[in-house]
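Written out below as structure tokens is the structure these notes cover.
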Amino acid sequence: MSTPQLEKIYTPRQVEDRWYRRWIELGLFHATLTHQGEPFSIVIPPPNVTGSLHVGHALNNTLQDILVRWRRMQGRNSLWMPGTDHAGIATQNVVERRLQEEGTSREALGREAFLKRVWTWKEQSGGTIIAQLKRLGASCDWERERFTMDEGLSEAVREVFVRLHQDGLMYRGERLINWCPRCLTALSDIEVEHEDITGKLYTIRYPLADEPNTCLLVATTRPETMLGDTAVAVHPEDERYRRFIGRRVSLPLTNREIPVVGDSILVDREFGTGAVKITPAHDFNDFEAGMRHHLPRIKMMDVHAAVRLAGTQADGELSTVEGLPVPKARPKIEHILTARGLLEKIENHKMALGKCYRCKTVVEPLLSDQWFVNIKPLAEPAVQAVEDGRVRIIPETWKNNYLGWMRDIKDWCVSRQIWWGHQIPAWYCEACYGKPFLRRASDGAPLIPSDASAIVAKSAPETCPNGHRESLVQDPDVLDTWFSSALWPFSTLGWPRQTPELKMFYPTSTLVTGLDILFFWVARMIMMGLKFMGTVPFRDVYIHALVRDAEGQKMSKSKGNVIDPLHVMDEYGTDALRFTLASMSSPGRDVKLAEERIEGYRNFANKIWNAARFILMHVGGTRITPPPAQRSFPDRWILSRLNATIRTVSQDLAQYRFDRAASALYQFIWHEYCDWYLELIKPTLQAPDSPESATVRGTLVET
RNA sequence: GGGCGGAUAGCUCAAUUGGGAGAGCGCUGCCCUUACAAGGCAGAGGUCACAGGUUCGAUCCCUGUUCCGCCUACCA
């Protein structure tokens, strides 16, 4: 019998690396098609390919790993499908920043060279997050790793786009969309973050055209947009203003006269002055109102959110505003209005400011031609699937959140004016619609004529319907990153081909994710899964907590309160981090990660290490399983406790109570096995030949 | 504006059916007893946010209040 020499103190790093290598060598994470067990599958929420492991990833992947390893131990054919996301805007921004440091830009490089550059960047840094997941111990089936821009997944994207188009669920149209003036692209509604601020409410005098001494008082938080006003609305039943409806006011600072209309939807009599300016090209409500009253749309800013006076005959003073970005234009307009006695008052006003979720720039509503998914027909079945329990959302409290959003869902703007991503599979004929075609105008807007009809196809068509061959150009825009993510549960398994993997592992068993991407990702996967696979993409959605710092603050680089999981793993070991995250992951509560807690579980790992060390010192690698009749009282006791613990842990994990499972393990190992059992058997270990001793050995090594 | 969650020991959090309030960390005291001082044993510490109500009895159920957090919402 050899007596292995174990260090007195557990040093995680070497042990972790050694075991991880061994697991990989033995192919333990690889799911095969020949495995007889009942399939169990999870697709990873693909991290951004340029990303680095943060503590949210650590939690998310720890929980998935626990589930997968547990099911694997139960004999299930378990697949954890890994991969990364191309993360369109985020990645493009990263590479663009690099270019800027080099004194160049994507425009200077041109599309092709730029994309080459992004791919290079992806090859260089794309492996980082994967390596970090391995460091975390993630038991993914790495042989199956996918990337959202792999050829197979891109094919799935084109297939879906074309089929949605065929079914009338994908359309192009001029709508008001959220526009990021820094990223220079459209954003979907949920890509806009709202921040509460105290802004200003300006009340401006709009004189009646035929009665200049009488003014309508109009309230606005964005006075500069008055340059794009095409009407003023009052409530049709408002006694104060009824007599003005149908007459005209002369729009200050411009030479235009605009009508006064009655609109009971737009106007809240109680708010402000009861009179609202209508700027159809720069406000969502006004856009709708503009449609109701057939008002013209005047764009008073360009894609950089800089003021344009086109459509307005500006006087000398106003022309100084031309070209100024909104934050600079606003005070100038305020100044001019004040100087001319047109500003009635300014009040403080609480409001929500929309910001780009990628770069935090203030988002502007902009009139633009974009591609949209007609989402209602897809949302309805996805609502049903959750209502009737085909998809279970855990904890259930988020179910209403999901249903509420889905029932009130707006069409999904899927086109992005960036280069990194899946280029939209639509072609236009320059011969039919004139040149220059797809070049960008000085304001950056694509020059696809609104009436140009697109030829949507999986690959470039030979000719346009009129027979032109050489004049076809592809839509320059790319798809929202979340478009390809929505297909992830089946595209990674080989769809649109009917692969054996798809048959075996779809629908997947569980999705583990954070609340922040419930709408971005989860909802869209359910919609797309139902549409293209006919079944839900997963049975359970487990929504875990958000990890905060010890003070409960959201971790952010700017606050400097970020806990780096890599640092924690170096300092305390991977198991300490994982056990901490699991044990604090109780439902309905955010995880406040405090370093002392991690230290406590580092000690736990050390405790286990030393228990093993103790056993090995006495019995080495001997493995003896005595028949039940020969088992001592302590043996029978600890075995019964062991079985009870296994039962508890299994029940807890089946209910996604990672916290309880962790505490059951902690309790058993430390306070029952170590504190009592090991102490109880110490005397018998003094007499190595006694039957009790043999029993002890067998039991210990077995467990 | 609407919706949801939280408030329990100094700190971080448990407590699935209303009936004696728990863990880890920290703290106090004693132990370097050869598995582990990243340990062992013993112990202190809580009007379970506040105010009402239901009940024989409430941390738990109901109502209201305060504070914190989140989601959602473009009342200009």
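Lettering of chains follows the sequences in order, A, B, ..., and the numbering in each one begins at 1.
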**Prompt:** Do any side-chain nitrogens or oxygens of A/H671 fall under 4.0 Å of OP1 or OP2 in B/C41?
**Reply:** no
**Message:** Please determine whether a side-chain nitrogen or oxygen atom of A/K682 lies at a distance below 4.0 Å from atom OP1 or OP2 of B/A35.
**Reply:** yes
**Prompt:** To the nearest angstrom, how far is A/D659 atom CG from B/A23 atom C1'?
**Reply:** 12 Å
**Request:** If the plane angle is over 60° it's perpendicular, under 30° parallel, otherwise tilted; pick one for A/Y357 and A/F520.
**Result:** parallel
**Ring-ring centroid check A/H671 A/Y677, cutoff 6.0 Å** = no
**Request:** Starting from C1' on B/G5, measure out to CG on A/L518 and report it in whole angstrom.
**Result:** 15 Å
**Request:** Using a cut-off of strictly less than 4.0 Å, decide whether A/K607 has a side-chain nitrogen or oxygen near OP1 or OP2 of B/G40.
**Result:** yes
**Request:** Give a yes or no on this: more than 12 heavy atoms of other residues, nucleotides or ligands lie within 6.0 Å of atom NZ of A/K399.
**Result:** yes
**Message:** So A/R602, base contact, sugar-phosphate only, or nothing? Heavy-atom distance under 4.0 Å.
**Reply:** base
**Asked** What orientation do A/Y601 and A/F604 show, parallel under 30°, tilted 30 to 60°, or perpendicular over 60°?
**Response** perpendicular
**Message:** Is the phosphate of B/A38 approached by A/W670 (side-chain N or O, under 4.0 Å from OP1 or OP2)?
**Reply:** no
**Prompt:** Starting at the 5' end of RNA chain B and moving along, which residue's nearest nucleotide shows up first, A/P365 or A/G600?
**Reply:** A/G600
**Request:** Please state how far atom CD in A/E599 lies from atom C1' in B/G39, giving the value in whole angstrom units.
**Result:** 14 Å
**Request:** Please test A/W405 against A/I190 for side-chain contact (heavy atoms from CB on, under 4.5 Å), starting from the C-alpha separation and ending with a verdict.
**Result:** CA-CA 11 Å; A/W405 186 72; A/I190 50 178; 3.7 Å; yes
**Prompt:** What do you reckon, are the aromatic ring centroids of A/Y206 and A/F244 less than 6.0 Å apart?
**Reply:** no
Can you check nucleotides 1-4 of chain B for protein contacts, nitrogen or oxygen pairs under 3.5 Å, and list what you find?
{"residue": "B/C4", "atom": "O2'", "partner": "A/T397", "partner atom": "OG1", "Å": "3.4"}

**Asked** When you check the phosphate oxygens OP1 and OP2 of B/A15, does a side-chain N or O of A/R657 lie under 4.0 Å from one of them?
**Response** yes
**Asked** Do A/E679 side-chain and B/A35 base share a donor-acceptor contact under 3.5 Å?
**Response** yes
**Request:** Would you mind telling me which residue lines up with the more 5' stretch of RNA chain B, A/D408 or A/K8, judged by nearest nucleotide?
**Result:** A/K8
**Span that lies between the P atom of B/A15 and that of B/C60, in whole angstrom** = 15 Å
**Message:** Would you say the rings of A/F519 and A/Y402 are close, in the sense that their centroids are separated by under 6.0 Å?
**Reply:** no
**Complete:** Residues of residues 346-357 of chain A with a heavy atom under 4.0 Å from any atom of RNA chain B, listed by number, are A/H349, A/A352
**Request:** Let me have RNA chain B in dot-bracket notation, would you? Count Watson-Crick plus G-U wobble pairs, both distances under 3.5 Å, and use [ ] for pairs crossing earlier ones and | for inter-strand partners.
**Result:** (((((((..((((.....[..)))).(((((.......))))).....(((((..]....))))))))))))....
